[in-house]
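Letters A, B, ... are given to chains in the order of the sequence lines, protein chains preceding strands, and every chain is numbered from 1.
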Amino acid sequence: MSAIRVPVVEKIFSTNDKIANQNRQNLTNKKVLAINLMASPGAGKTSFILATIKRLQNQFRIGVIEGDTAPVTIDADKIISAGMPAVQINTGGDCHLDASMMGDGLASLPLDELDLVIVENVGNLICPAAWDLGTHFNLLVASVPEGDDKPYKYPNIYRGLEILIINKVDLQPYVEFKMDYFRQGVEMLNPGLITFPVSCRTDEGMDAWIDWLSKKIIEFKKNA
Amino acid sequence: MHELSVTESLLNLALSHANQANATKVTAINIVVGRLSSIVDDSVQFYWDFVAEDSICAGAKLNFDRRPAVLHCADCSTDYTIEHDLTPCPKCGGMRTTIISGEEFFLDSIEIEKEAEKIS
Ligand SMILES: Nc1nc2c(ncn2[C@@H]2O[C@H](COP(=O)(O)OP(=O)(O)OP(=O)(O)O)[C@@H](O)[C@H]2O)c(=O)[nH]1
Ligand SMILES: [Mg+2]
Ligand SMILES: [Zn+2]
């Protein structure tokens, strides 16, 4: 017997990343833009998806994948009531979606008819950040009542973002939330991150977001 | 936390490299974990014993090479280490920083045993 050291130097998420890349390729081939939407519980993920659908439904077809830790279909039912296809993925208690669950979700959506897929990830600021799903953008819905220190405490999730939504700005008069301090932390982690402060309650800021997203979808379909 | 699925991924990766090398046993797994990678190495260790049980990785020692989170200040060029929360530059208070290390999470190497080559 002889002990031998075998060099590997490979990311531990490499299997997940391979499946994620297949998902992304599949979506790109079908010219469907996909967004991985992350947030803490109750930040307004479902409200934000519904508000986005409401404003885009005459222009684009949107499918939604709802990740939940338990088999409750409350969020998926809301999307279906809004007239868009939705599938529920039950993670069986797991704290995040991964690329193979995402693949299952995509298989249940009519991708040929869609322009945009939004994935509502499990409410959590730590775990979803580590798992690439194979979407084209990572989006975080932060919200004012969570507090302005979140970028400092959860640096990891802010690192991998392409889009940041700051929701519930209507609550700013009622809670201690220093926008400058919050945005400074974000800037340290992810300089120049595209950011939209919005309220799903008052619709403030939604026009800017919808404008940006519509352009992105059209640009993507042209180049895909 | 997601350490169970992380541990399963780790096992699969280690096994595939062990098989390629015709290992009969894996004695150690050397992992690099950055402070910002959000992996709790204690619970990886905890799950490892269950997950690896029936494989040639059973009983392998997990070695964690922990890398600190190091930031570089763009204003005064100081490199500084953060422990938990993100903090501004301790020298000038600057917040224009880049992260130089701390996000690593990979399998660096494995240590294996093989049947000694037969001398014919
Ligand atoms: N004031 C205010 N409340 C909001 C806003 N957006 C969402 N909410 C409320 O916040 C609560 C949670 O919203 P959801 O959309 O269910 O949040 P979620 O992130 O999908 O929640 P989970 O899926 O359960 O993690 C609901 O009571 C919403 O009405 C907002 O912009 N302003
Ligand atoms: Mg929801
Ligand atoms: Zn400095």
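- Using a 4.5 Å heavy-atom cutoff, the side chains of B/Leu107 and A/Val9 are not in contact.
- For a residue to count as touching a neighbouring chain, one of its non-hydrogen atoms must lie under 4.5 Å from one of that chain's; by this rule A/Phe13 touches chain B with the side chain only.
- Closest of all the heavy-atom pairs between B/Ser109 and A/Pro7 is CB-CA, 3.9 Å.
- From A/Tyr152, atom OH reaches atom CD1 of B/Ile82 across 12.0 Å, with rounding to the nearest 0.5 Å.
- Shown here for B/Leu86 and A/Pro151, the closest heavy-atom pair between the two residues is CD2-O, 4.2 Å.
- The NZ atom of A/Lys11 sits 11.5 Å away from atom OG of B/Ser9, with the distance rounded to the nearest 0.5 Å.
- Heavy-atom contacts from other residues, nucleotides or ligands closer than 6.0 Å to CD of A/Glu176 number 12 or fewer.
- Proximity to chain A at a heavy-atom threshold of 4.5 Å picks out B/Met95, B/Thr97, B/Ile99, B/Glu103 from residues 95-104 of chain B, in numerical order.
- The structure places CG of B/Leu10 at 10.5 Å from OG1 of A/Thr15, a figure rounded to the nearest 0.5 Å.
- Residues B/Ile110 and A/Arg5 fail the side-chain proximity criterion, which asks for heavy atoms closer than 4.5 Å.
- The two residues B/Phe106 and A/Glu10 have their closest heavy-atom pair at CB-O, 3.4 Å.
- Comparing B/Thr27, B/Asn30, B/Val26, B/Val6 by heavy-atom pairs within less than 4.5 Å of chain A, the highest count is held by B/Val6.
- A side chain to side chain contact (heavy atoms under 4.5 Å, CB included) with A/Ile12 holds for exactly one of B/Val32, B/Asn12, B/Leu13; it is B/Leu13.
- Between B/Glu111 and A/Val6 there is no side-chain heavy-atom pair separated by less than 4.5 Å.
- In this structure, the side chains of B/Ser5 and A/Trp131 come closer than 4.5 Å at one or more pairs of heavy atoms.
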